[in-house]
Number of protein chains: 2
Amino acid sequence: MSLHTLKLAPQDCGDCPIRHRAVCARCDGQELAKLEEMKYYRSFEAGQNVVWSGDRMDFVASVVSGIASLTQTMEDGRRQMVGLLLPSDFVGRPGRTMAPYDVTATTDLVMCCFRRKPFEEMMSVTPHVAQRLLEMTLDELDAAREWMLLLGRKTAREKIASLLSILARRDAGLKARAPKGAISFELPLTREEMADYLGLTLETVSRQMNALKRDGVVELEEKRRIVVPNFDRLAEETGDDADGGYLS
Amino acid sequence: MSLHTLKLAPQDCGDCPIRHRAVCARCDGQELAKLEEMKYYRSFEAGQNVVWSGDRMDFVASVVSGIASLTQTMEDGRRQMVGLLLPSDFVGRPGRTMAPYDVTATTDLVMCCFRRKPFEEMMSVTPHVAQRLLEMTLDELDAAREWMLLLGRKTAREKIASLLSILARRDAGLKARAPKGAISFELPLTREEMADYLGLTLETVSRQMNALKRDGVVELEEKRRIVVPNFDRLAEETGDDADGGYLS
DNA sequence: CGACTGCCTTGATCAGGATCAAACGGAAGG
DNA sequence: CCTTCCGTTTGATCCTGATCAAGGCAGTCG
């Protein structure tokens, strides 16, 4: 086990175009400068694989644009998505060389990479980096546990509603707990990818999407364009507590 | 979201009776001494609640003995376990005050606690602590993702086998990938708790346990005492890759 | 233009696990 | 001793989502 996704909160990035800079926001600039020298970019096309489970992975990276997904696969082909990386998310694990799951470009993708060794060295001399990474990892862990509740106990309809709610919220101003007015966004996932995310089959995803449409919870135009006329209505369908309850 | 479990690797503890000392194993002893002064113990009876989801939680702690579980609950009562804390595991999140899930003593439990504020201050002056906590959190995240695969894609039988395999391995020398010979251990969970862990109902757990017994994969004596005559046989039932594949 | 391909929808049927219900067995307590 | 209670087993039935199969709809390439 060795790969991880870590979120860089937008407010830490300021107007810096390369989000990962935030890692050093609180440290003196010297190490940051070294970091800048080290970095390099890699692009991937939609559907392309970034690393395979079991491969050696001697870099860490943050997503600049596009979406990547982490998936685990059983020998007989059953697949489960275990992470979804959006711009500013971090991937890679200091201290381990082997990737524990597949990383795939879901859309066209640009990542900003650092070789692992120098990054680790930098980490050990700039304490804030480890602290920031710790915070991000804890957030990731919380998200994983919420996801576990979804996988273990929610109905198909609730799963779909939860996913749409997450995407809608992320799309309509990241911090808004309960966005007001209609929200419209592009689905970045195919039905099959949604199924892998939710622990369902693609047929069930398709049926439940249309059920939510039929019931007026969402509108579908062009299969991939989603309109949520009333966010609260959607939130009711998720089975979650009404209040996000996210205080400090 | 704010509560977390973090493993302290046994080798870090040496012969220290209180595992959490390991946190400072690599730092100079001054901060450790301060830590020793700060600590205090709390005991709980089996079934007793440690903190409720949403409560203020102004301490962090490590498990000294017994087992605690982290669970999330939906308003209608559906429950999903999202963490299982064994001796030497760490719980609590530096930087947040609110507990995001219920923490419950599954067996009689002793925890060693630190008030959060001083612990955080100590963290910021001893960099190795943050690094160690980061490592532990990353391990926890990997475990959560393995768990997600189980919840999303495994059959009831595979889920049961996976849980028994985890417990058997943990019981028969922690590091052994594939223990040899018969393993015998006490089940620390009720059928209902197993169900909450696996995303099943307790009836299904009971049936599948007996099915595994009928098929000679495990032996049951006294409902809670498990004997695994052949670990490899059990491992086949989990659906996982044959090799644990855990290299660095 | 037609054929192909990738993605999605829809229908029919099946089955794994949930649900509802009853009963068992051992421990604790009167 | 009997009763109660808790955890567990077992049975009967139901239902959600999986599976198998076919067809639709764009976009693309020959």
Side-chain angles (χ1 to χ4, degrees), chain A residues 45-48 74 76-80 104-108 150-164 186-214 218-226 237 239, chain B residues 45-48 69 74 76-80 104 106-107 150-164 186-215 218-226 237 239:
Chain A
E45 292 177 6
Q48 208 182 344
M74 300 169 67
D76 64 1
R78 280 176 281 174
R79 287 162 52 86
Q80 175 64 53
T104 312
T106 293
T107 64
D108 288 346
L150 178 148
L151 290 171
R153 296 302 188 190
K154 289 190 178 179
T155 65
R157 171 181 262 248
E158 287 168 340
K159 287 178 175 181
I160 301 282
S162 299
L163 174 56
L164 293 180
E186 200 73 27
L187 251 191
L189 304 175
T190 67
R191 298 290 184 258
E192 186 173 23
E193 287 163 339
M194 292 175 70
D196 285 343
Y197 185 107
L198 300 170
L200 298 170
T201 60
L202 78 173
E203 293 96 330
T204 299
V205 169
S206 178
R207 277 187 251 269
Q208 295 295 338
M209 289 279 289
N210 289 321
L212 287 176
K213 174 185 178 184
R214 182 170 11 84
V218 298
E219 288 153 29
L220 292 184
E221 33 199 36
E222 305 153 26
K223 314 272 185 233
R224 291 289 199 98
R225 181 116 215 124
I226 307 282
E237 297 281 351
Chain B
E45 293 176 7
Q48 208 180 343
S69 62
M74 300 169 67
D76 63 3
R78 280 175 282 174
R79 286 162 54 85
Q80 176 64 53
T104 312
T106 292
T107 64
L150 178 148
L151 291 171
R153 294 303 188 190
K154 289 190 178 178
T155 65
R157 172 182 261 247
E158 288 169 339
K159 286 178 175 181
I160 300 282
S162 299
L163 174 56
L164 293 181
E186 200 73 28
L187 250 191
L189 304 175
T190 66
R191 298 289 183 261
E192 186 172 23
E193 286 162 339
M194 293 175 70
D196 285 343
Y197 185 107
L198 300 170
L200 298 170
T201 60
L202 77 173
E203 293 96 328
T204 299
V205 170
S206 178
R207 278 186 251 269
Q208 295 295 339
M209 289 282 286
N210 290 321
L212 288 176
K213 175 185 177 184
R214 181 170 12 84
D215 299 345
V218 298
E219 289 152 30
L220 292 184
E221 34 200 35
E222 305 153 24
K223 314 267 186 240
R224 289 292 197 95
R225 181 115 215 126
I226 307 282
E237 297 281 352

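Quick note on labels: first sequence line is chain A, next is B, and so on, each numbered from 1. Heavy-atom basis, side chains included; hydrogens, waters and symmetry copies ignored. Predicted model, so just to flag it, every value in this text is computed and none were measured.
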| task | Answer yes or no: does a side-chain N or O of Arg224(B) lie under 4.0 Å from OP1 or OP2 of dT8(D)? | result | yes
| field | Short side-chain to backbone donor-acceptor contact, Ser162(B) and Glu158(B), under 3.5 Å | value | yes
| Could you state the CD-C1' distance from Glu222(B) to dT9(D), rounded to the nearest angstrom? | 17 Å
| task | Give the rounded distance in Å between these two atoms: CG of Asp76(B) and C1' of dT19(C). | result | 15 Å
| remark: Between CD of Glu192(A) and P of dA18(D) the distance, given in whole Å, is 13 Å
| field | Spacing between Lys213(A) atom NZ and dC8(C) atom P, to the nearest angstrom | value | 14 Å
| task | Inspect the contact between Glu186(A) and Arg225(A) and indicate whether a charged nitrogen and a carboxylate oxygen are less than 4.0 angstrom apart. | result | yes
| message | Heavy-atom count check: over 12 atoms from other residues, nucleotides or ligands less than 6.0 Å from Glu203(B) CD? | response | yes
| query | What parts of residues 153-160 of chain A reach DNA chain C, counting only heavy atoms under 4.0 Å away? | reply | none
| task | Enumerate the residues from residues 194-210 of chain B whose closest heavy atom to DNA chain C is under 4.0 Å, giving them by residue number; use none for an empty result. | result | Gly199(B), Leu200(B), Thr201(B), Glu203(B), Thr204(B), Arg207(B)
| field | N/O donor-acceptor pair under 3.5 Å between Glu219(A) side chain and Ile226(A) backbone | value | no
| Test side chain to side chain contact (heavy atoms under 4.5 Å, CB included) applied to Gln208(B) and Val205(B), Thr204(B), Leu212(B), the passing residue | Thr204(B)
| Just how far, in rounded Å, is P of dC25(D) from CG of Leu220(A)? | 16 Å
| message | If the condition is salt bridge (Lys or Arg N to Asp or Glu O under 4.0 Å), which residues does Arg79(A) pass it with, not counting sequence neighbours? | response | Asp196(A)
| task | Measure the distance from CZ on Arg78(A) to C1' on dG16(C) and round it to the nearest whole Å. | result | 13 Å
| message | Using whole Å, what does the distance between atom P of nucleotide dC8(C) and atom CD1 of Ile226(A) come to? | response | 11 Å
| task | Could you state the atom-to-atom distance from CZ of Arg191(A) to P of dT10(C) in whole Å? | result | 11 Å
| task | To the nearest 0.5 angstrom, please state how far the CG atom of Leu220(B) sits from the CG atom of Asn210(B). | result | 6.0 Å
| field | Neighbour count above 12 (heavy atom, 6.0 Å) for Glu221(A) CD | value | yes
| field | Under 3.5 Å donor-acceptor, Arg153(B) side chain and Arg78(A) backbone | value | no
